[in-house]
K.L.:
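Please find one structure pasted underneath; my questions will follow.
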Amino acid sequence: MSVECRDDIVETGTGTGAVAEALLGHYDMHARDLPWRVSPAARRAGLKPDPYRVWLSEVMLQQTTVAAVTGYFERFTTRWPTVEALATAPQEDVLAAWAGLGYYARARNLIACARAVTVDHGGRFPGTEAGLRVLPGIGDYTAAAVAAIAFDEPAAVVDANVERVVARLFAITTSLPAARPEIRKHTAEITPRERPGDFAQAMMDLGATICTVRNPSCLLCPLAPHCAAHAQGIAESLPVKPPKKAKPQSTGTAFWIEQDGQVLLVQRPGKGMLGGMRALPDDGWAAGRNGTAQPPVPGQWQVIDGAVAHVFTHFSLELALALYRGPQIDKVAIENLNGIWWPVEHIAEAGLPTLFAKAAALAIQYR
DNA sequence: AAGTCGGGGGA
DNA sequence: TCCCCAGACTT
């Protein structure tokens, strides 16, 4: 029996492997300065990240870029500095603060998770990956990330950046998602017992700044000597992804009913598209389905066709805007249909999702 | 395994 | 335009 010794395969165990060593050395010099991050220097001096801030940032960052999250993170942590503060906030306030960030189930789960941590765990996040994993809105990735970054667990943190870096490091040509188990196994192999949180963040920094989807900067990459895809000249082609499906086009109408300086809003159903969010009344458009164009009340309407074009994850929407032109409406009767009369001057604080914020901005021009 | 669920930034 | 992003959850 022979033993092959390769410096690009890192042993599991107590030591820091060659990949982790090279990566952490680079991270110590080039870590991004992010609002939720404890710098590697501060971290090594003993400063621990606040699990609440780590968790909040990770949930906000799910399928969302750093640039989009930064402002939201600052506003949330200023307004709700602790998990208990967030847990006791009214749901509508949290959803309104989340407006524009997208994937609103995250906000609903954020509240549920904050309340579970406060009520069931005395305000302290579970310190293990398994303990975190069962909380609302915390999946495989987020459980591993919080465990590693906030609690120093050597968890395998696999996000889209790590998938790309690892697929290239090991020249994995199996297409996603079939390659995921293999990627996870290799990630676990190269994750060090020392500084697992910095390692995870370093991998994500690398994916975001050097090991990019297109035009990776292999000449600047600290892992290039260990990278099988780079050696084969196939880095940019990995990971292999399945072809994506075409997006159907839907049409719908949103309705602007304004009286006495107030506009009629509704709260959308708690699940599904834009669930729980305040919105303009609409005609029931949905994924791959057109709305009826039927107004919620009879009367005279001015219709602006093609007012808003908006692209969702799995379909595109062309939204018409219908402006109510009278006669006078019984406002109390409308309220009984779950309507909310909102001052137009303060529409920005209604927390409308971007689609309806666009429609509202146009309506205000035409009123 | 496939579908649902936002929005914006970069090329 | 197209592509992707610190994914989770449901069916």
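Just so we're clear, the structure is a prediction, and the values are computed from it rather than from any experiment. Letters A, B, ... are given to chains in the order of the sequence lines, protein chains preceding strands, and every chain is numbered from 1.
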K.L.:
In whole angstrom, what separates A:Arg214's CZ from C:dC5's C1'?
P.N.:
11 Å

K.L.:
Calculate the interatomic distance between A:Trp55 atom CH2 and C:dA6 atom C1'; express it in whole Å.
P.N.:
15 Å

K.L.:
Compare the minimum distances between each of C:dG7, C:dA6, C:dC5 and the side chain of A:Arg37, then state the nucleotide with the smallest one.
P.N.:
C:dA6

K.L.:
Within this structure, what is the CD-to-P distance between A:Glu58 and C:dG7, rounded to whole angstrom?
P.N.:
9 Å

K.L.:
Taking the side chain of A:Lys245 as its heavy atoms from C-beta onward, which of C:dA6, C:dA8, B:dG3 lies nearest to it?
P.N.:
B:dG3

K.L.:
Would you kindly compare A:Phe315 and A:Lys358 by the position of their nearest DNA chain B nucleotide and give the one closer to the 5′ end?
P.N.:
A:Phe315

K.L.:
Using a heavy-atom cut-off of 4.0 Å across all strands, would you classify A:Lys241 as base, sugar-phosphate, or nothing?
P.N.:
sugar-phosphate

K.L.:
Pick the closest DNA chain C nucleotide for A:Pro136 and for A:Ala208 by heavy atoms, then say which residue is nearer the 5' end.
P.N.:
A:Ala208

K.L.:
Tell me whether the guanidinium CZ or amine NZ of A:Arg268 lies under 6.0 angstrom from the six-membered ring centre of A:Trp285 and within 45° of its axis.
P.N.:
yes

K.L.:
May I ask you to evaluate whether A:Lys244 reaches the phosphate of B:dA2, defined as a side-chain N or O under 4.0 Å from OP1 or OP2?
P.N.:
no

K.L.:
Rounded to whole Å, how long is the line connecting atom CE of A:Met60 with atom C1' of C:dC5?
P.N.:
16 Å

K.L.:
Rounded to whole Å, please give me the gap between CG in A:Leu132 and C1' in C:dA8.
P.N.:
15 Å

K.L.:
Does a nitrogen or oxygen in the side chain of A:Tyr103 sit under 4.0 Å from OP1 or OP2 of C:dC5?
P.N.:
no

K.L.:
A:Tyr103 ring centre to A:Arg106 NZ or CZ under 6.0 Å, with the angle to the axis within 45°?
P.N.:
no

K.L.:
Would you mind telling me which of B:dG9, C:dA8, B:dG7 lies closest to the side-chain atoms of A:Leu274?
P.N.:
B:dG7

K.L.:
Taking only N and O in the side chain of A:Thr354, is any of them less than 4.0 Å away from OP1 or OP2 of B:dG6?
P.N.:
no

K.L.:
In whole Å, what separates the P atom of C:dT10 from that of B:dG6?
P.N.:
14 Å

K.L.:
Does the pair A:Arg367/A:Glu258 count as a salt bridge with the N-to-O cut at 4.0 Å?
P.N.:
yes

K.L.:
Looking at the side chain of A:Tyr104, which of C:dC4, C:dA6, B:dG6 is the nearest nucleotide?
P.N.:
B:dG6

K.L.:
Establish whether the base of B:dG6 is bridged to the side chain of A:Thr64 by a donor-acceptor pair shorter than 3.5 Å.
P.N.:
yes

K.L.:
Between A:Arg164 and C:dC5, does any side-chain N or O lie under 4.0 Å from OP1 or OP2?
P.N.:
yes

K.L.:
Hey, is CG on A:Leu219 packed in by over 12 heavy atoms from elsewhere, all under 6.0 Å?
P.N.:
no

K.L.:
Within the structure, does a side-chain N or O atom of A:Gln63 lie under 4.0 Å from either OP1 or OP2 of C:dG7?
P.N.:
yes

K.L.:
Do A:Trp301 and A:Phe255 have their ring centres less than 6.0 Å from each other?
P.N.:
yes

K.L.:
How would you label the contact of A:Asn215 with the nucleic acid (heavy atoms, under 4.0 Å): base, sugar-phosphate, or nothing?
P.N.:
nothing

K.L.:
With a non-hydrogen cut-off below 4.0 angstrom, is A:Phe312 in contact with a base, only sugar-phosphate, or nothing?
P.N.:
sugar-phosphate

K.L.:
Mind calculating the distance between CD (A:Glu163) and P (C:dG7) to the nearest angstrom?
P.N.:
9 Å

K.L.:
Find the partner of B:dC5: check Watson-Crick (N1-N3 plus N6-O4 or O6-N4) and G-U wobble (N1-O2, O6-N3) distances, both under 3.5 Å, and reply none if neither fits.
P.N.:
C:dG7

K.L.:
Could you measure between the two C1' atoms, the one in C:dC4 and the one in B:dC5, and give it in whole Å?
P.N.:
16 Å

K.L.:
Which part of the nucleic acid, if any, lies within reach of A:Ile149 when heavy atoms closer than 4.0 Å are counted: base, sugar-phosphate only, or nothing?
P.N.:
nothing

K.L.:
For B:dG6, take OP1 and OP2 only and decide whether either is under 4.0 Å from a side-chain N or O of A:His310.
P.N.:
no

K.L.:
Considering every strand and a 4.0 Å limit on heavy-atom distances, what is the contact class for A:Trp98: base, sugar-phosphate, or nothing?
P.N.:
nothing

K.L.:
Under 3.5 Å, side chain of A:Arg75 to main-chain N/O of A:Ala97, donor-acceptor pair present?
P.N.:
no

K.L.:
Identify whether any heavy atom of A:Ala68 sits under 4.0 Å from a base atom; if not, whether one sits that close to sugar-phosphate; answer base, sugar-phosphate or nothing.
P.N.:
nothing

K.L.:
May I ask you to say what A:Gly100 touches in the nucleic acid, namely base, sugar-phosphate or nothing, with a heavy-atom cut-off under 4.0 Å?
P.N.:
sugar-phosphate

K.L.:
With a 4.0 Å cut-off on heavy atoms, is A:Ile138 in touch with a base, just the backbone sugar-phosphate, or nothing at all?
P.N.:
sugar-phosphate

K.L.:
With a 4.0 Å cut-off on heavy atoms, is A:Thr142 in touch with a base, just the backbone sugar-phosphate, or nothing at all?
P.N.:
sugar-phosphate

K.L.:
Please check: side-chain N/O of A:Tyr52 versus main-chain N/O of A:Phe125, any donor-acceptor pairing under 3.5 Å?
P.N.:
no

K.L.:
Pick the nucleotide of DNA chain C nearest each of A:Asp205 and A:Arg133; which residue has the one closer to the 5' end?
P.N.:
A:Asp205

K.L.:
How many Å lie between CG on A:Leu101 and C1' on B:dG8, as a whole number?
P.N.:
10 Å

K.L.:
With a cut-off of less than 4.0 Å, is there a side-chain N or O of A:Thr65 near OP1 or OP2 of B:dG7?
P.N.:
no

K.L.:
Quick one: label A:Met204 by what it contacts on the DNA or RNA (base, sugar-phosphate, nothing), any heavy atom closer than 4.0 Å.
P.N.:
base

K.L.:
OP1 or OP2 of B:dG3 sitting under 4.0 Å from any side-chain N/O of A:His314?
P.N.:
no

K.L.:
Report the nucleotide, chosen from B:dC5, C:dC5, B:dG7, that has the shortest atom-to-atom distance to any side-chain atom of A:Pro353.
P.N.:
B:dG7

K.L.:
Contact class for A:Arg180 vs. all strands (heavy atom < 4.0 Å): base, sugar-phosphate, or nothing?
P.N.:
nothing

K.L.:
Using whole Å, report how far CZ of A:Arg106 lies from P of B:dT4.
P.N.:
19 Å

K.L.:
Return yes if some donor-acceptor pair links the side-chain N/O of A:Trp341 with the main-chain N/O of A:Lys331 below 3.5 Å, else return no.
P.N.:
yes

